[in-house]
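Values below: every heavy atom of this structure, side chains too, minus hydrogens, waters and symmetry copies.
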Amino acid sequence: MSVARQDGVQAEGRDAGRSGPIRVVVAKPGLDGHDRGAKVIARALRDAGMEVIYTGLHQTPEQIVDTAIQEDADAIGLSILSGAHNTLFAKVLALLEERDAADIKVFGGGIIPEADIAPLKEQGVAEIFTPGATTASIVEWVNANVRPLAV
């Protein structure tokens with residue numbers, strides 16, 4: 001489905017006719033108890049004009065996907081420092097597919113070895129940010145890739 005928005009831009013699919021700020025669920029899945037980075041990213045996205053729903057610590061993939069669907073999120077940002085990134089990203093992606101919500105983009109960051117990034121992207125993770133990524137680069141990526149303006 002393609003719809004011309006008020007600004008004259010063609011929007012596709014779920015984004016057709018959609019307006020307002022980008023909505024991002026920021027989540028800390030699993031047993032990892034360190035959330036400072038997730039809170040910094042959540043604030044940076046919010047300060048950039050996005051609506052951010054921070055789920056808090058120790059969320060299951062099911063809770064994260066439920067929140068994203070209930071909140072009509074455009075994206076899910078996962079912060080994973082525990083080493084369980086391969087399992088947790090895969091479970092979130094599978095649940096989104098299962099619940100007919102695979103159009104919600106998943107991105108993430110944390111302590112993720114370089115060798116794991118390409119396989120995660122092949123599974124459907126849209127982007128991975130490793131330590132040292134700036135908040136500006138993350139905001140820029142979300143703006144350019146989550147609900148980009150079609151031309």
Side-chain angles (χ1 to χ4, degrees), residues 11-150:
E12 299 290 332
R14 187 173 102 102
D15 295 336
R18 194 172 170 108
S19 63
I22 294 171
R23 295 178 59 83
V24 181
V25 168
V26 174
K28 288 291 300 180
L31 300 176
D32 180 7
H34 302 282
D35 66 347
R36 182 173 181 212
K39 288 178 177 177
V40 168
I41 298 307
R43 183 171 184 146
L45 296 173
R46 186 204 66 201
D47 289 351
M50 297 175 208
E51 289 184 13
V52 178
I53 301 92
Y54 175 61
T55 63
L57 292 169
H58 310 299
Q59 298 294 296
T60 66
E62 291 82 3
Q63 289 171 315
I64 294 165
V65 170
D66 286 346
T67 299
I69 292 169
Q70 289 169 5
E71 293 290 343
D72 196 25
D74 298 298
I76 297 171
L78 299 176
S79 172
I80 304 174
L81 303 173
S82 65
H85 49 274
N86 290 322
T87 302
L88 293 168
F89 276 113
K91 183 66 173 171
V92 168
L93 292 166
L95 287 167
L96 287 169
E97 183 72 33
E98 193 177 289
R99 297 182 184 175
D100 198 27
D103 59 328
I104 298 174
K105 289 201 177 173
V106 176
F107 67 97
I111 307 300
I112 299 172
E114 188 70 35
D116 291 345
I117 294 174
L120 287 169
K121 287 184 175 184
E122 289 171 14
Q123 291 176 30
V125 177
E127 187 60 87
I128 298 290
F129 297 95
T130 54
T134 65
T135 55
S137 69
I138 296 168
V139 166
E140 182 179 317
W141 182 88
V142 171
N143 277 323
N145 294 281
V146 169
R147 199 183 329 147
L149 296 176

Is any side-chain heavy atom of [X] closer than 4.5 Å to a side-chain heavy atom of [Y]?
X: Pro29; Y: Ile64; result: yes
X: Gln63; Y: Thr55; result: no
X: Leu88; Y: Pro61; result: yes
X: Arg147; Y: Lys105; result: no
X: Met50; Y: Val139; result: yes
X: Ile80; Y: Phe89; result: yes
X: Asp66; Y: Arg99; result: yes
X: Phe129; Y: Glu127; result: yes

Nearest heavy-atom neighbours spanning [X] and [Y]:
X: Thr135; Y: Val40; result: CG2-CG1, 3.8 Å
X: Thr130; Y: Ile112; result: CG2-O, 4.0 Å
X: Ala38; Y: Tyr54; result: CB-CE1, 4.0 Å
X: Pro131; Y: Ile111; result: CG-CD1, 3.7 Å
X: Ser79; Y: Asp32; result: O-OD2, 4.4 Å
X: Gly110; Y: Leu81; result: CA-CD2, 3.6 Å

**Prompt:** If you round to the nearest 0.5 Å, how far is CG of Asp103 from CD of Glu97?
**Reply:**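 The distance works out to 10.0 Å.
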**Message:** I need the Ile76 CD1 to Thr67 OG1 distance, nearest 0.5 Å.
**Reply:**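 Going from the CD1 atom of Ile76 to the OG1 atom of Thr67 covers 8.5 Å.
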**Item:** Lys/Arg N to Asp/Glu carboxylate O, Asp35 vs Lys28, below 4.0 Å
**Value:**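 No, this pair does not count.
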**Request:** For the pair Leu78 and Val125, evaluate side-chain contact (heavy atoms from CB on, under 4.5 Å) and give the outcome as yes or no after the intermediate values.
**Result:** CA-CA 10 Å; Leu78 299 176; Val125 177; over 6 Å; no
**Message:** Taking NE2 in His58 as the centre, count heavy atoms belonging to other residues, nucleotides or ligands within less than 6.0 Å. Is the count above 12?
**Reply:**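 Yes, because the 6.0 Å sphere around NE2 of His58 holds more than 12 heavy atoms from other groups.
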**Heavy atoms from other residues, nucleotides or ligands near CD of Glu140 exceed 12 (cutoff 6.0 Å)** =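 Incorrect, the count does not exceed 12.
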**Prompt:** Is a side-chain N or O of Glu122 found less than 3.5 angstrom from the main chain of Leu120, in a donor-acceptor match?
**Reply:**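 It does not hold such a pair.
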**Asked** Between the main-chain N or O of Val146 and the side-chain N or O of Asp74, is there a donor-acceptor pair closer than 3.5 Å?
**Response**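 A pair under 3.5 Å: no.
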**Request:** Please assess Glu114 against Ile117 for the test side-chain contact (heavy atoms from CB on, under 4.5 Å), listing each intermediate value before the final yes or no.
**Result:** CA-CA 5 Å; Glu114 188 70 35; Ile117 294 174; 4.0 Å; yes
